[in-house]
Amino acid sequence: MKLRTCIPVLVTFALTLYLYLNSAESAYAMHIMEGFLSPGWSLFWWAVFLPFFVLGLRALVKITKEAPQLKLMLGLAGAFTFVLSALKLPSVTGSSSHPTGVGLGTVMFGPLPMSVIGSIVLLFQAVLLAHGGLTTLGANAFSMAVVGPFVGYFFFKLVLKATGKLKLAIFAAAMLADLSTYVMTSIQLALAFPSEAGGFAASLAKFAGIFAVTQIPLAISEGLLTVLVWNWLQSFNSEELSLLKRTMKGVAR
């Protein structure tokens with residue numbers, strides 16, 4: 001294998017190892033843990049999330065019918081999301097910081113399919129790894145599988161249109177999808193637990209400030225890792241990327 005071919009793989013491995021070694025053994029939960037929200041807030045976020053899930057299912061059915069060969073790429077997007085979002089750091093009581101991994105699938109398939117892929121990842125982690133919970137799945141899925149992909153996709157298109165640089169757009173999409181997930185999580189926690197002194201605003205500043213310490217470097221790392229994986233896909237899966245470009249009509253180029 002040529003050295004040029006090995007470099008993206010080695011750098012990807014090094015960044016993954018870095019993220020793994022910087023995760024702690026103990027953490028309260030992934031995103032918002034089971035039972036942390038009141039029944040009212042849990043039901044509210046389920047109600048907000050479910051319409052995106054239904055639309056995402058329709059988008060996935062359409063993709064798999066038009067191009068069943070892309071199922072492997074959908075699986076790759078899900079696996080990437082699962083692995084990265086399982087690398088967690090304790091952040092505040094009842095929550096944690098970690099990469100989200102939704103940026104790669106977003107630039108390949110758009111935001112709606114990620115509402116399904118991301119929520120399935122969260123369901124598996126809640127059931128199999130005790131990361132997060134079932135009652136809080138609606139809130140966690142809305143922040144990571146809806147808000148993150150939509151924000152990431154918006155900036156992907158914006159940066160690509162402004163600069164014409166695909167890899168810069170992918171980096172921005174992955175990084176901002178990660179950061180926006182935690183902004184949304186901070187809003188959810190602040191709404192559920194407003195400060196007695198300053199209300200929602202004071203509570204939001206507290207949660208967002210604590211998250212920012214760990215999440216900003218994680219988001220930058222995730223952006224770099226996503227670009228490296230994209231390079232690897234271009235090197236070894238050019239045929240699938242070409243099919244993806246034709247099927248998704250410009251989501252990925």
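Here the structure is a predicted model, which is why all the values come from computation and not from measurement.
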**Request:** Please name all residues satisfying ring pair (Phe, Tyr, Trp, His ring centres under 6.0 Å) with Phe53, sequence neighbours left out, ordered by chain then number.
**Result:**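 In terms of ring pair (Phe, Tyr, Trp, His ring centres under 6.0 Å), with neighbours along the sequence ignored, Phe53 is linked to Phe49.
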**Item:** Phe155: partners by ring pair (Phe, Tyr, Trp, His ring centres under 6.0 Å), with sequence neighbours left out
**Value:**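 If we apply the ring pair (Phe, Tyr, Trp, His ring centres under 6.0 Å) test to Phe155, skipping adjacent residues, there are no hits.
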**Request:** Working to the nearest 0.5 Å, report the span between OG of Ser195 and CG of Leu204.
**Result:**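 The CG atom of Leu204 is 11.5 Å from OG of Ser195, to the nearest 0.5 Å.
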Partner set under side chain to side chain contact (heavy atoms under 4.5 Å, CB included) for [X], not counting sequence neighbours:
| X | result |
| --- | --- |
| Ser180 | Val147, Val151 |
| Val127 | Leu123, Leu134 |
| Ser38 | Trp41 |

Just so I know, are the side chains of [X] and [Y] near enough to count as touching, which here means a heavy-atom distance under 4.5 Å?
| X | Y | answer |
| --- | --- | --- |
| Leu166 | Phe156 | yes |
| Gln188 | Leu191 | no |
| Leu104 | Leu84 | no |

For [X] and [Y], indicate whether the former's side chain and the latter's backbone hold a donor-acceptor pair under 3.5 Å.
| X | Y | answer |
| --- | --- | --- |
| Tyr182 | His98 | yes |
| Thr226 | Phe171 | no |
| Thr106 | Gly152 | no |
| Gln215 | Asp178 | no |

Those residues that, when tested against [X], pass side-chain hydrogen bond (donor to acceptor under 3.5 Å, both in side chains) (two or more places apart):
| X | result |
| --- | --- |
| Lys165 | none |
| Ser203 | none |
| Thr100 | Glu222 |

Under 3.5 Å, sequence neighbours excluded: what are the donor-acceptor pairs made by side chains of residues 70-77?
none

**Side-chain cluster (under 4.5 Å, hydrophobic types only) that Leu168 belongs to, other residues** =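 Besides Leu168, the hydrophobic cluster comprises Val159, listed by chain and residue number.
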**Item:** For Val61, the rest of its hydrophobic cluster, which grows through side-chain links under 4.5 angstrom
**Value:**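 Cluster partners of Val61: none, it stands alone.
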**Prompt:** Do the side-chain N and O atoms of Thr135 and Glu34 include a donor-acceptor pair separated by under 3.5 angstrom?
**Reply:**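 On atom types as modelled, these side chains qualify, holding a pair under 3.5 Å.
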Flag yes if [X] and [Y] sit in one hydrophobic cluster, no otherwise; membership is Ile, Leu, Val, Met, Phe, Trp, Tyr, and two members link when side-chain heavy atoms are under 4.5 Å apart.
| X | Y | value |
| --- | --- | --- |
| Trp45 | Phe200 | yes |
| Val54 | Phe109 | no |
| Phe124 | Ile32 | yes |
| Leu43 | Leu189 | no |

**Request:** Show your working on side chain to side chain contact (heavy atoms under 4.5 Å, CB included) between Gln125 and Ser85 and close with a plain yes or no.
**Result:** CA-CA 9 Å; Gln125 291 184 342; Ser85 58; 3.1 Å; yes
**Request:** Begin from the C-alpha positions of Phe193 and Phe36 and carry the test ring pair (Phe, Tyr, Trp, His ring centres under 6.0 Å) through to its verdict.
**Result:** CA-CA 10 Å; Phe193 304 100; Phe36 200 66; 5.1 Å; yes
Can you list, pair by pair, the side-chain donor-acceptor contacts under 3.5 Å of residues 110-120, counting residues two or more places apart and other chains?
from: Ser115; atom 1: OG; to: Phe52; atom 2: O; distance (Å): 3.0
from: Ser115; atom 1: OG; to: Leu112; atom 2: O; distance (Å): 2.5
from: Ser119; atom 1: OG; to: Ser115; atom 2: O; distance (Å): 2.8
from: Ser119; atom 1: OG; to: Val116; atom 2: O; distance (Å): 2.9

**Request:** Heavy atoms only: give me the nearest Ala47-Pro51 pair and the separation to one decimal.
**Result:**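 Where Ala47 meets Pro51 most closely, the heavy atoms are O-CD, 3.1 Å.
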**Message:** Please find the pair of heavy atoms, one from Val102 and one from Ala177, that lie closest to each other, and give the distance.
**Reply:**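 Shortest heavy-atom separation between Val102 and Ala177 comes out as CG2-CB, 3.9 Å.
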